[in-house]
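In what follows, a structure is listed as structure tokens, so that the remarks can point back to it.
Just so we're on the same page: letters track the sequence lines, and every chain starts at 1.
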There are 2 protein chains.
Amino acid sequence: MACPIEVTVNLLGDKWKVLIVRNLLLGGTQRFGELNRGIDGVTQKVLTQQLRQLESDGLVARKIYPEVPPRVEYSLTELGHTLKPIFEAMHSWGTSYLELRGA
Amino acid sequence: MACPIEVTVNLLGDKWKVLIVRNLLLGGTQRFGELNRGIDGVTQKVLTQQLRQLESDGLVARKIYPEVPPRVEYSLTELGHTLKPIFEAMHSWGTSYLELRGA
DNA sequence: CCCATTGGTTACCTCGCGGTAAGTATATGA
DNA sequence: TCATATACTTACCGCGAGGTAACCAATGGG
């Protein structure tokens, strides 16, 4: 009998994963380089690692175009899109927080 | 111009913090030992650290009773309670996920 | 008299995260 | 002919997060 919140945390409980999903929710399908530039402070290696985990957890889809130079596009799966309410709640909370703490 | 989601992640972006707040939301005010026993796998040291951070971020309140043996109670602040929608979203998502992946 | 209780703090040590940088493959452009 | 761009993968390495365990304080109970 697992706790649903613990399940969610185990899949999404990494700072970078949250930011990756945020970018894909807001910006739609993106190439590796776009994500790399869009997420402040993340390195290539870590971005690759996190994307692989998100992919194996079924939240993110990876599409490779057999071109040279290579092109790889990342997008949310159907399951990934169902995370949206969580991000709306976080967005809403973060906005209120910034207003309170006088941004 | 900070991203609201990034703000939220910076305050709550640690696995243990999420589980601490979950326990306080579900169980109300709790003593240190209760939290320690209620959160699987956390050590005293880390629990103390995370509670201190949550306290200094204004999400958790700490009340000390000058007794021996000591008694310390933790509860959510008003601000801490406003996190509830995020946890409801995570709970809801985790539940659906468990149904899909056949728990 | 001595031990358990409670909520810490502290010292020590290990392990793994994450950063840096180099390697890879190939078609295009200079 | 050779550098370049792209999206990685891999090897190496250092540092800090986190685990373990000992210590503390004062009282009540055996």
Whole Å only: how far is the CD atom of Q53(B) from the P atom of dA17(D)?
9 Å

Looking at dT26(C), I'd like to know if its phosphate oxygens (OP1 or OP2) sit under 4.0 Å from a side-chain N or O belonging to Y65(A).
no

May I ask you to verify if any side-chain N or O of T43(B) is less than 4.0 angstrom from the OP1 or OP2 atom of dG18(D)?
no

Between atom CG in L47(A) and atom P in dT20(C), what is the gap in whole Å?
15 Å

Given atom CG of L51(B) and atom C1' of dG18(D), what is their separation to the nearest angstrom?
16 Å

Given dT9(C), dG19(D), dA7(D), identify the nucleotide with an atom nearest to the side chain of Q44(B).
dT9(C)

When you get a sec, tell me which of dG7(C), dT9(D), dG18(C) is the closest nucleotide to the side chain of V72(B)?
dG7(C)

Rounded to the nearest angstrom, tell me the gap between atom NZ in K15(B) and atom P in dG18(D).
11 Å

Can you tell me the distance, in whole Å, between the CD atom of E55(B) and the C1' atom of dG7(C)?
14 Å

Would you please name every residue forming a salt bridge (Lys or Arg N to Asp or Glu O under 4.0 Å) with E67(B), sequence neighbours left out?
R71(B)

Which pair of non-hydrogen atoms, one from L11(A) and one from L54(A), has the smallest distance, and what is that distance?
O-CD2, 4.4 Å

Under a 3.5 Å distance rule, please check whether S92(A) uses its side chain to pair with a backbone N or O of E88(A) as donor and acceptor.
no

Side-chain N,O (R52(A)) to OP1/OP2 (dC8(D)) below 4.0 Å:
yes

Starting at the 5' end of DNA chain C, which residue's closest nucleotide do you reach first, K45(B) or R31(B)?
R31(B)

Strictly distance-based, threshold 3.5 Å: is any side-chain N or O of D57(A) a donor or acceptor partner for the main-chain N or O of L59(A)?
no

For R37(A) and dA7(D), what is the distance between atoms CZ and C1' respectively, to the nearest whole Å?
12 Å

Phosphate oxygens OP1/OP2 of dA7(D): is one of them under 4.0 Å from a side-chain N or O of R62(A)?
no

Nearest whole Å is fine: how far is dT26(C) C1' from R71(A) CZ?
16 Å

How would you list all residue pairs meeting salt bridge (charged side-chain N to carboxylate O under 4.0 Å, His left out) that involve residues 18-43 of chain A, not counting sequence neighbours?
R22(A)-E6(B)

Rounded to the nearest angstrom, tell me the gap between atom NZ in K17(B) and atom P in dA17(D).
12 Å

Which comes earlier along DNA chain C counting from the 5' end, the contact point of Q49(A) or that of P70(A), where each point is its nearest nucleotide?
Q49(A)

